[in-house]
Amino acid sequence: MYYLDHNATSPLRPESLSAMTQALGIGGNPSSIHAAGRAARAVVEEAREKVAALAGARPDQVVFTSGATEANTLALFGAAEGSLDGEGARLTRLFVSAVEHASLRATAERLAERFPWVRLDILPVTAEGVLDLEALRVALREGKGRALVAVMAANNETGVVQPLDQVSKLAREAGALLLVDAVPAAGKMKLDFSLCDYMVLSAHKLGGPMGVGALVVADGAPLAPQLVGGGQQHGLRAGAENLAGIAGFAAAANTLADGAGERARLAHLTERFEQTLKQEIPEAVIFGAGAERLCSTSAFAIPGVTAQTALIALDMDGVMVSSGATCSSGKVAVSHVLRAMGVDEALAACALRASFGWSSTVEDVQAAIASLVKLREKVRAVQKEEAA
Ligand code: PMP
C-alpha cells in the first residue's frame, strides 16, 4: 500500500498511540481533585505546553476542541458573540479568503445569516492561489465596526502558503481580528501565533488521532464559549476533556518540535514526485507552482485523465491519493480552490493531490508515478481507438 494522502489524514504515529494507551489507563477526570484526577490534569497541562509550542503560543492560550471544525466554529461564533457588548467593538464585517476550508466558509455563511449585522465578503486569490492583498486592503477600509479576517496559513488542496506577515500587518492597522486556520501548515512550516488572534489546529493531520484539535486564542481577543455547563478550560469549552485524544495530539506535536529535518525530507519527496511527474508526463500541470508552497503537498492534473478515473486506477495499484479536498470527495464537484484560482473547469476535473507525511517514503513516490504513467498510456490508447 502506498499512502499519499496525509492532508486527508495522517496515519497515527506510534508515539501518539503509546501516549493514548497510557492516558486511557489513568481513569481519572482532569477536573477531580483526587490523585487520579490530578494525574489526568497533568496529562492535559503537559499537552497544552506541547501544542502551544507547535503554534508558537503560550500554554494558557490553548483551548482543546473536538477538531478543527469545532475550533473554526468556536472562533467565528465566539468572536461575534463575544464582541456584542459595546457598539464600537461589535463584529460587523467578516472577510474570508476564497480558498478557506468548508468548515470555515460554511460557518462564516451561517454566522452572517444568524447575525444580520454581520456582512460576509469573500476575498479573491491570484491565479497562483495567493490572497489578493490589495483586495484585502480595500475591503478593510470600507464599513464601520470591527472586522475579522480569516486566511489560512497554507491551503490543504494546493499547499500554497499565504503571506500572513502582510495580512497580519493590514489587519492590525485596521484594528481587525485575524483568524488563521493552520491545519495543513502545522508541522510543515513554522507557525507564529503572534501574527494573529485565533489559530486553528487539528491533531489528525500531524499523525495524532481524529476528533481532537485546538483553538489558540490571543489575550484580549473576544471569545464567547459555544459549549457551556462545566467550567472546563477556563469556561471556554465545557465538557470533560478528551484525555486520550489530547495526549495523542501532544505526542504528535512533540515529534515535530524540532521539525527542520523532517521538513527537508518531505520537501525532497515532493520535489522528486513533481520532477519525475514532469519528466514522465510533460503535459502534467502543477497547481500553484509559482507560489511558495508547503513541503508536503502537490496538486496536479494530467489533462484528459479525469480525477475519478485516476483515483480508481491508482487505488487498484495500491496508490492512495485524493481528488481536491477530501471533505468534498465522494461528491463530483470542481474544487472551490481551483475555481478561485481561475483554473479551467475541464482541467480542474482532472485535479489530484499527493500529500506526504511522517510515514512517506521514496517507494510511495515511485509507485505513484509508475501507476500514473501506466494510466496515462491506457487513456491514450483508448483515445486513439476512439479517434480511429
Ligand atoms: N481546516 C482545514 C484546512 C482542513 O484541511 C480540515 C480537515 N480536512 C479542517 C479544517 C477540519 O478539520 P477536522 O477534521 O479536525 O474537523
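In each ligand, atom 1 is the first atom listed, and ligand 1 is the first ligand listed. The structure presented is a predicted model; accordingly, all values stated were derived computationally and were not measured.
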Task: Polar atom proximity, Val183 to ligand 1 (N or O, under 3.5 Å) - done: no

Open item on the list: Any atom of ligand 1 sitting under 4.0 Å from a heavy atom of Gly213?
Closed with: no

Task: Under 4.0 Å to a heavy atom of Gly67 - the qualifying atoms of ligand 1, by number - done: 15 (O)

- [ ] Report yes or no: does Gln226 contribute a side-chain atom to a donor-acceptor pair with the main-chain N or O of Ala224 at less than 3.5 Å?
- [x] yes

Open item on the list: Suppose I only count heavy atoms of Ser103 and a 4.0 Å limit; which atoms of ligand 1 are within that range?
Closed with: 10 (C)

Open item on the list: Testing Glu271, Glu274, Glu128 one by one against Arg293 for a salt bridge (Lys or Arg N to Asp or Glu O under 4.0 Å), which residue passes?
Closed with: Glu274

- [ ] Flag the pair Asp121 and Arg119 as a salt bridge only when some basic side-chain nitrogen lies within less than 4.0 angstrom of an acidic carboxylate oxygen.
- [x] yes

Open item on the list: Distance under 4.0 Å to a non-hydrogen atom of Met152: what atoms of ligand 1 satisfy this?
Closed with: 3 (C)

TODO: Answer yes or no: is there a side-chain heavy-atom contact under 4.5 Å between Phe95 and Leu148?
DONE: no

- [ ] Identify whether the distance between the nearest side-chain nitrogen and carboxylate oxygen of Glu345 and Arg339 falls below 4.0 Å.
- [x] yes

Open item on the list: Side chains of Glu15 and Asn254: any donor to acceptor distance under 3.5 Å?
Closed with: no

Open item on the list: Would Asp181 count as being in polar contact with ligand 1, using the rule that some N or O on each side must be under 3.5 angstrom apart?
Closed with: yes

Open item on the list: Does only the side chain of Thr69 get under 4.0 Å from ligand 1, or the backbone, or both, or neither? Count heavy atoms.
Closed with: both

Task: Atoms in ligand 1 flagged as close to His204, the criterion being non-hydrogen separation under 4.0 Å - done: 13 (P), 14 (O), 15 (O)

Open item on the list: Strictly distance-based, threshold 3.5 Å: is any side-chain N or O of Thr107 a donor or acceptor partner for the main-chain N or O of Ser103?
Closed with: yes

TODO: For the pair Arg237 and Glu70, find out whether any cationic side-chain nitrogen is under 4.0 Å from an anionic carboxylate oxygen.
DONE: yes

TODO: Under 4.0 Å from a heavy atom of Ser202: give me the atoms of ligand 1 that qualify, with their elements.
DONE: 13 (P), 15 (O)

Open item on the list: Would Lys205 count as a polar contact of ligand 1, with the cut-off being nitrogen or oxygen pairs under 3.5 Å?
Closed with: yes

TODO: Could you tell me whether Pro184 approaches ligand 1 through its side chain, its backbone, both or neither, with non-hydrogen atoms closer than 4.0 Å?
DONE: side chain

Task: Close approach of Glu100 to ligand 1, heavy atoms, under 4.0 angstrom - done: no

Task: Side-chain touch Phe300/Leu372, heavy atoms, less than 4.5 angstrom - done: yes

Open item on the list: Below 3.5 Å, N or O to N or O, backbone or side chain included: is there any such pair between Asn7 and ligand 1?
Closed with: no

